[in-house]
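Here's the structure, in structure tokens; my notes come after.
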Amino acid sequence: MVSIIWGSTNKPVASRQLADALEGLPNINGTLYIGYPILGTPEGAFPFDALLLSPEHGAVAFDVVEGRELGDFRSRQDNLFAKLQAKLLQYPALVRQRQLLVVLSVVTFAPAASPPPNADAMYPVCKNRAELDSTLGGVDWRERDSYPALCSAIQALTNIRKGRRKKESVKPDSRGSKLQLLNNSIANLDAHQGAAVVETVDGVQRIRGLAGSGKTIVLALKVAYLHAQNPDWKIAVTFNTRSLKGQFERLINTFVIEQTSEEPDWDRVHIMHSWGSPTSPEGLYFQFTRDNGSAYFDFQAARSKFGDAKEFNGACEEALASVPEPVQRFDAIMVDEAQDLPPAFLRLCYAMLKQPKRLVYAYDELQSLTNASLPPPEEIFGSTAEGRSLVSFEPDAPGRARQDIILERCYRNPRPVLVTAHALGFGIYRQPGGLIQIFDHNQLWLDVGYSVVAGELADGREVSLARTPETSPPFLESHSAIDDLIHFRAFETTEAQDEWLVREILKNIREDELAPEDIIVINPEPLRTRKAVAKARAKLFEEGVNSSLAGVSGSPDVFFENDVVTFTGIFRAKGNEAAMVYVINAHDCYNAFIPAWLTRARNQLFTAITRSKAWVRVLGVGQDMQALIAEFECVRANGFTLRFQYPDEAKRRELHTINRDMTRAARARLSRNVADLEKILAAIDEGELQAEDLPPTMRKRLERLLQKG
């Protein structure tokens, strides 16, 4: 069976007929790319009309004719063959003794043209399904083991996935050697993400996925693909975490060079923070105010006018309300980390787009570092004066790019790491107390790659959920024992935690053959990070190991530096990954004084753990850390599955009430009120106040409240 991935094409009718014909051939398997790939040549970008990758037939390039005139199809076929062969010869995995291991074929598909007067088997021309079946049936690829490497080469992801690492490993069983093999395997698997990269919607597109499913890479590659296809377009990519800017620059630059043999035109591709300012103008909101002459609010001014926790949403709403007809600057905008951005910002992006409003936003609801979640598109983008939704997602259909894409495979976290992060984030095994939060729709568990292994995924029923080999590939965890992949450790003091941390980092660098930039240390509580990491950084410096505090000791737009261990708070860690991740002071995430704050704390822990693409160490101090370890032991005892009673509607409403989003002022009032109540209870406990001293009406209200609870 052939799956179709729809990219940009200026030959829509004939391309649709080609896709229909191949889909109807039972003996043809593989993936047909429309409008892809784009290859770099000395003359610049060279786009293909269509390319079929098949484990039985190799690579088949199509010269698609949208009309009745064939033209010089032989010359076009020769050009396609030469360009594709030159591309694939660059990959050692596809070459043996100077011979390309992939069978290459080129076919002209011209459904409306007359056949050439002199048929030529070397230059086949097909116009329907039967002729395609006959032509492709004569192609037999014997080196089928090379199919994954072929997919990786065409996707042009190999160099990107291998990343920054330059340090060569000597010991075959060291962490450094394991990391090199892991990066190579990930590169060969990434063909599964191709659809999300290539599929292009004339309108709004949403991409959802777990941590590690590749949302950031998909957006970067989509920017590069659209730029290569449409070099005159103005394209912006925007995000909440400033340290993502360097990563986007590297990804887009690498991919565009591979596609076009040229660097991106940075006057056309803009990598912009979501907010921006007059002193740091690369921000989308600031660009909107500058284009339209509307009032600009910095963070403090926005807080003063719109209130705590409403700063950015208020600023964006004010900007939109003040401009009836905004300047439409961009042809396409990609939004990463949309779960940490307000809906009004997405509307602002929509307003900055030319028709047909190409907006792509990606997010993971569980990675939100607030308690808020994105509403559906109909609610985000609103309606016309006639009441018609400006944006609504159509169901998937043949011949049409998907508007709502879910990336179910995890390409970063080993299965035990990902399941542990979910278990702790949701509170699956928390005792006492149980669940902290839950997905609104139980189907979402299946969408993101879990399967039901026992029970029933229904309200009030017991269920056991597990990752599958397809959604959590085994090679991500097979390189190391489970106790090495993820390790929890409790200490009596923070000093003991620091000493162990420094000792292990030195071992990673001096014995394990990891580079310093393969290591990040995350403190989940961002406001205390500078002080929390100071002593460990000082000890590393004494040992000759350089470190940085992300966004503080260096550029806020750069997260990793060569030969430097990165220390960071959780907000700057978002969107980044490393082979070895140390999460310190994890005990801060076990509990919260106010129940409404616990979801945020657990989301911070979840996000920190899922930064690891190989090994993670979760460290903390005291009894709260011991309790967190007890939760982890339950995860391990259950074989890294999630076993719990699925909450019914009433329980879900209760969780939503507890986890409601509150402003800073509301949180402060709640804290004061709880503290006042604590004083009253303490006075009763100590005999300073008797229950009978309380007014009868107050006692009755308290009794009713407790009975209701």
*Pair D484-R175, salt bridge (Lys or Arg N to Asp or Glu O under 4.0 Å): steps then yes or no*: CA-CA 11 Å; D484 190 30; R175 294 190 194 279; 3.0 Å; yes
*Going through the checks in order, is the side-chain hydrogen bond (donor to acceptor under 3.5 Å, both in side chains) test met by N413 and T610?*
CA-CA 6 Å; N413 310 130; T610 54; 4.9 Å; no
*Applying side-chain hydrogen bond (donor to acceptor under 3.5 Å, both in side chains), run through R467 and S472 and close with a yes or a no.*
CA-CA 6 Å; R467 303 289 297 170; S472 282; 2.9 Å; yes
*Can you check side-chain hydrogen bond (donor to acceptor under 3.5 Å, both in side chains) on E577 and S612, steps first, answer last?*
CA-CA 6 Å; E577 64 180 33; S612 169; over 6 Å; no
*Going through the checks in order, is the salt bridge (Lys or Arg N to Asp or Glu O under 4.0 Å) test met by R489 and E504?*
CA-CA 13 Å; R489 196 175 187 95; E504 289 296 305; over 6 Å; no
*asked:* Apply side-chain hydrogen bond (donor to acceptor under 3.5 Å, both in side chains) to residues T279 and S277 and explain how you reach the verdict.
replied: CA-CA 5 Å; T279 57; S277 70; 3.1 Å; yes
*How far apart are the C-alpha atoms of I482 and F640, what are their side-chain angles, what is the distance that settles it, and do they pass the side-chain contact (heavy atoms from CB on, under 4.5 Å) test?*
CA-CA 10 Å; I482 287 178; F640 294 96; 3.6 Å; yes
*Can I520 and N576 be said to form a side-chain contact (heavy atoms from CB on, under 4.5 Å), step by step?*
CA-CA 10 Å; I520 58 175; N576 293 287; 5.6 Å; no
*Is there a salt bridge (Lys or Arg N to Asp or Glu O under 4.0 Å) between D483 and R636 once you walk through the steps?*
CA-CA 10 Å; D483 287 343; R636 182 161 59 178; 2.3 Å; yes
*Start with the C-alpha gap between I509 and I505, add the side-chain angles, then the distance that decides, and say whether side-chain contact (heavy atoms from CB on, under 4.5 Å) holds.*
CA-CA 6 Å; I509 297 171; I505 290 176; 4.1 Å; yes
*asked:* For a salt bridge (Lys or Arg N to Asp or Glu O under 4.0 Å) check, start with the C-alpha distance between D364 and R208, then their side-chain angles and the critical distance, and finish with the verdict.
replied: CA-CA 6 Å; D364 173 3; R208 293 178 288 165; over 6 Å; no
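Contact annotation: the side chain of V417 approaches that of P414 to within less than 4.5 Å [non-hydrogen atoms, C-beta and beyond]. Two residues are said to be in side-chain contact when any heavy atoms from C-beta on lie closer than 4.5 Å; I405 and R206 fail this criterion. Side-chain contact between R528 and K531: absent, with no pair of heavy atoms (C-beta onward) separated by less than 4.5 Å. Using a 4.5 Å heavy-atom threshold, the side chains of L642 and V463 count as separate. Side-chain contact check for T216 versus Q247: some heavy-atom pair is nearer than 4.5 Å. For the pair V453/L465, no side-chain contact is recorded, criterion being any heavy-atom separation below 4.5 Å from C-beta on. Using a 4.5 Å cut-off on side-chain heavy atoms (C-beta onward), L424 and Y590 make no contact. Between I428 and L435, some side-chain heavy-atom pair lies under the 4.5 Å cut-off.
For K539 and E542, the salt-bridge test fails: no basic side-chain N is under 4.0 Å from an acidic carboxylate O. Comment: K574 engages D340 in a salt bridge, judged by a side-chain N to carboxylate O separation of less than 4.0 angstrom. A salt bridge is defined here as a Lys NZ or Arg NE, NH1 or NH2 lying under 4.0 Å from an Asp or Glu carboxylate O, and R415 with E477 meets this definition.
The closest donor-acceptor contact from the side chain of K178 to the backbone of P172 lies at 3.5 Å or more, if one exists at all. With H587 contributing its side chain and V621 its backbone, the two residues share a donor-acceptor pair below 3.5 Å. The main-chain N or O of A515 is found under 3.5 Å from a side-chain atom of D518 such that the two form a donor-acceptor pair. For the pair S177 (side chain) and K171 (backbone), a donor-acceptor distance under 3.5 Å is present. Not one N or O on the side chain of R572 forms a donor-acceptor pair closer than 3.5 Å with the backbone of F559. No donor-acceptor distance shorter than 3.5 angstrom exists from the side chain of Q437 to the backbone of L655, with no hydrogens or angles considered. For the pair S304 (side chain) and A301 (backbone), a donor-acceptor distance under 3.5 Å is absent. Remark: the backbone N or O of A466 is not paired with any side-chain donor or acceptor of T641 at under 3.5 angstrom. In this structure a side-chain-to-backbone donor-acceptor pair under 3.5 Å is missing from N240 to L341. Judged by distance alone, with hydrogens and angles left aside, the side-chain atoms of T238 form a donor-acceptor pair with the main-chain N or O of M272 at under 3.5 Å.
Residue V237 is tested with L284, I271, V335 for a side-chain contact (heavy atoms from CB on, under 4.5 Å); the sole match is I271. Looking at D588, T529, T568 one by one, the single match for side-chain hydrogen bond (donor to acceptor under 3.5 Å, both in side chains) with N523 turns out to be T529. When each of R503, R510, K507 is checked for a salt bridge (Lys or Arg N to Asp or Glu O under 4.0 Å) with E543, only R510 meets the rule. When L540, V502, D563 are each tested for a side-chain contact (heavy atoms from CB on, under 4.5 Å) with V545, only one passes: L540. Just one of F312, F286, Y285, F306 meets the ring pair (Phe, Tyr, Trp, His ring centres under 6.0 Å) condition when paired with F297; it is F306.
The aromatic rings of H422 and F426 are tilted relative to each other, their planes meeting at an angle between 30° and 60°. By the 30° and 60° cut-offs, the orientation of the rings of W615 relative to H479 is perpendicular.
Considering only residues two or more places apart in sequence or on other chains, F488 meets the ring-ring contact (aromatic ring centres under 6.0 Å, His included) condition with F632. Taking the side chain to side chain donor-acceptor pair (under 3.5 Å) definition, one finds that Y582 meets it with N508, sequence neighbours left out.
Other residues, nucleotides and ligands place no more than 12 heavy atoms under 6.0 Å from the NZ atom of K535. A 6.0 Å sphere centred on CD of E633 holds more than 12 heavy atoms belonging to other residues, nucleotides or ligands. Counting heavy atoms of neighbouring residues, nucleotides and ligands inside a 6.0 Å radius, atom CZ of R643 does not exceed 12 of them.
For L476 against R412, the heavy-atom pair with the smallest separation is CD2-O, 4.2 Å. For the pair R250 and T254, the tightest heavy-atom approach, listed with the atom from each and the gap, is O-OG1, 2.8 Å. Nearest approach of S548 to V564, heavy atoms of both residues: N-CG1, 3.4 Å. The two residues V581 and A608 make their nearest non-hydrogen contact at CG1-O, 3.7 Å. Contact between R537 and S547 at its shortest, heavy atoms only, is NE-OG, 2.8 Å. In this structure, L628 and A586 approach most closely via the heavy-atom pair CD2-O, 3.7 Å.
Expressed to the nearest 0.5 Å, how far CD of E337 lies from CZ of F571 amounts to 11.0 Å.
For the residue pair R409 / T471, no side-chain donor-acceptor distance below 3.5 Å is found, with atom types taken as modelled.
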